[in-house]
Amino acid sequence: MDISEVLGATAEWAVTLVAMAVGLLVVAYLYEPYRKVWHVPGPVPLPLIGHLHLLAMHGPDVFSVLARKHGPVFRFHMGRQPLIIVADAELCKEVGVKKFKSIPNRSMPSPIANSPIHKKGLFFIRGPRWTSMRNMIISIYQPSHLASLIPTMESCIQRASKNLDGQKEITFSDLSLSLATDVIGLAAFGTDFGLSKLPVTPDDSNIDKIAADTSVEAKASSEFIKMHMHATTSLKMDLSGSLSILVGMLLPFLQEPFRQVLKRIPGMGDYKIDRVNRALKTHMDSIVAEREAAMEHDLAASQQRKDFLSVVLTARESNKSSRELLTPDYISALTYEHLLAGSTTTAFTLSTVLYLVAKHPEVEEKLLKEIDAFGPRYCVPMADDLQTKFPYLDQVVKESMRFYIMSPLLARETLEQVEIGGYVLPKGTWVWLAPGVLAKDPKNFPEPEIFRPERFDPNGEEERRRHPYAFIPFGIGPRVCIGQKFSIQEIKLSMIHLYRHYVFRHSPSMESPLEF
Ligand code: HEM
């Protein structure tokens, strides 16, 4: 062997060794988070994609399938990121309530981390700031405030339902989205978006028609809503996300550099998301600034306003710590969050209630009887009436929310090492509760695939036997939804108004079975 052959062989070895070392580093990087929670049962994750192939295979049922196989606490890998899924009512109570001090925050998905308008809302803020803001917001949502919103809600419902007059066929989910967005627009901003004058769809098709309205207010609202719709649909952290989100799920360290580059390339998803998020923030900041100016101009008139933004601005002036806490960017984020958290959720729930009632004539008959018994059509129920005079409607709404649960997962992250269901989880573990699995568990809901509102009858055996945390569509513990009563009030008022004037049937062209 001459010297050049020796050198060649050495170089080959060196390249092989370097390639192996890089390969090992990549594998170590990919499996590093797995190492910390490998003792929790779960399927073997594939490199890069983790368990995303299972999600593609089973759809949203994947967590029920895995819970049956691996037990109530198991691992699910979203790309490289392991999630510890908790699918048992008692253990959910442990995570959400009993051990709240060790698990007080939500994990922050990557699309949010890049958007201040989303990041600074109540949903994702942490620590003492969250405690103070939550207490301040809860104080606004007193029963008397909710009751005072009934006329606003009712007038939006009446206006939206005019779209049904003379119609043989309508896509109700579009109408309910317009309605819910209008209601929250008035409740949060004191602004009438007027969307239910003409339903708006997330694919923007009606936006153009709305934009044809030349009034300044209509233009501003339609632009704002268009951006909002886009921002909402792009928040998903799944296979349909932007390229940087996809890359981030596989190799998180590459996400930020990718995003920085892609957001500068017109036509890329990241480019659009970045522009929309910045525009939304600018728009919200200008709404807040305008309202602040109006307040300075006429304090007494501003204090009379009932919308969330005005109430928060008034609260800010009450003392020094509120002024420090409620800076304009947080106020923008909190107000915008209402639109984000309160429109699609309520619209989805109202649509599914209507869909399920239309599918079950015996439920419809019982419901109509209850609604008719309340009184003549012009008699609008008050807050107390909604709570006490419509027990069957209450059961129908609950059962619909169980049947098609809006949030099948609740995100949490451990603040310190904690033990859940016999497994020690280190600080920083993503622990996600699975109300979607609980809602279909025959232990708590016999024959879970049957739509039966009576299972929520407070005097019934099934309701009495059920674990108190088996049904948590609005979440659990101190982080529970702040808009629960608001949206239930809106849904009940809508159902009462709609069923006083119309009945609904499924269109022959409707997708069956529904796919989510
Ligand atoms: C049917 C309608 C709604 C559903 C199903 C729903 C569901 C949820 C769920 C599941 C959570 C997470 C709770 C947890 O992690 O334990 C949540 C949180 C939240 N929701 Fe709702 N929601 C609805 C309507 C609303 C409305 C109308 C608003 C605003 C007025 C709102 C504002 C919020 C906020 C701010 C949070 C975060 C609370 C915190 O972290 O302190 N939601 N919601």
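The first residue in the sequence is number 1, and the count goes up from there. All figures in this text were calculated on a predicted structure; none of them were measured in a lab. In listed order, ligands and their atoms are each counted from 1.
- Because its NZ or CZ atom is both nearer than 6.0 Å to the ring centre of Y330 and within 45° of the ring axis, K120 counts as a cation-pi partner of that residue.
- Between the side chains of H497 and S161, at least one donor N or O lies within less than 3.5 Å of an accepting N or O.
- In terms of polar-atom proximity, defined here as any N/O pair under 3.5 Å, W130 does make such a contact with ligand 1.
- The two residues E490 and I157 have their closest heavy-atom pair at O-CD1, 4.2 Å.
- Remark: the D61 side chain and the S64 side chain contain no N/O donor-acceptor pair separated by less than 3.5 Å.
- Taking atom 30 (C) of ligand 1 as the reference point, the nearest protein heavy-atom neighbour is H338 CD2, 3.5 Å.
- Under a 4.0 Å N-O distance rule, the pair E416/K99 does not qualify as a salt bridge.
- Considering backbone and side-chain atoms together, A411 places no N or O closer than 3.5 Å to any N or O of ligand 1.
- For atom 1 (C) of ligand 1, the closest heavy atom belonging to the protein is T349 OG1, 3.3 Å.
- The ligand atoms of ligand 1 that sit less than 4.0 angstrom from a heavy atom of E337 are 35 (C).
- With hydrogens left out, the protein atom closest to atom 39 (C) of ligand 1 is R134 NH1, 3.3 Å, a heavy atom.
- Atoms of ligand 1 found under 4.0 Å from any heavy atom of I476, numbered from 1 in the order shown, are 16 (O).
- Taking a 4.0 Å cut-off on heavy atoms, Y141 registers as neighbouring ligand 1.
- Taking atom 36 (C) of ligand 1 as the reference point, the nearest protein heavy-atom neighbour is F123 CD1, 3.6 Å.
- Looking at residues two or more places apart in sequence or on another chain, you find a salt bridge (Lys or Arg N to Asp or Glu O under 4.0 Å) between R466 and E462, E463.
- Of the protein's non-hydrogen atoms, the one nearest atom 16 (O) of ligand 1 is R412 NH2, 2.8 Å.
- Under the 3.5 Å distance criterion, the side-chain polar atoms of R402 are matched with a main-chain donor or acceptor of P448.
- In L122, the parts holding a heavy atom less than 4.0 Å from any atom of ligand 1 are both the side chain and the backbone.
- For atom 21 (Fe) of ligand 1, protein N, O or S atoms closer than 2.8 Å were enumerated as C481 SG, with waters left out.
- Protein heavy atom nearest atom 12 (C) of ligand 1, with residue, atom name and distance: R106 NH2, 3.5 Å.
- Counting only heavy atoms from C-beta outward, the side chains of L438 and F471 never approach each other to under 4.5 Å.
- No side-chain heavy atom of V437 sits less than 4.5 Å from a side-chain heavy atom of I85.
- No side-chain heavy atom of V95 sits less than 4.5 Å from a side-chain heavy atom of V418.
- Atoms of ligand 1 found under 4.0 Å from any heavy atom of S407 (numbered from 1 in listed order, with element): 10 (C).
- Here the side chains of V311 and R305 are not in contact, with every heavy-atom distance at 4.5 Å or above.
- At the top of the distance list for atom 7 (C) of ligand 1, counting protein heavy atoms only, stands P473 O, 3.8 Å.
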For Y355 and F504: C-alpha separation, side-chain torsions, deciding distance, then whether ring-ring contact (aromatic ring centres under 6.0 Å, His included) applies. CA-CA 8 Å; Y355 172 84; F504 298 86; over 10 Å; no
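- Distances below 4.0 Å separate heavy atoms of F486 from the following atoms of ligand 1: 27 (C).
- Panel note: side chain D394, backbone F390; no donor-acceptor pair is recorded below 3.5 Å.
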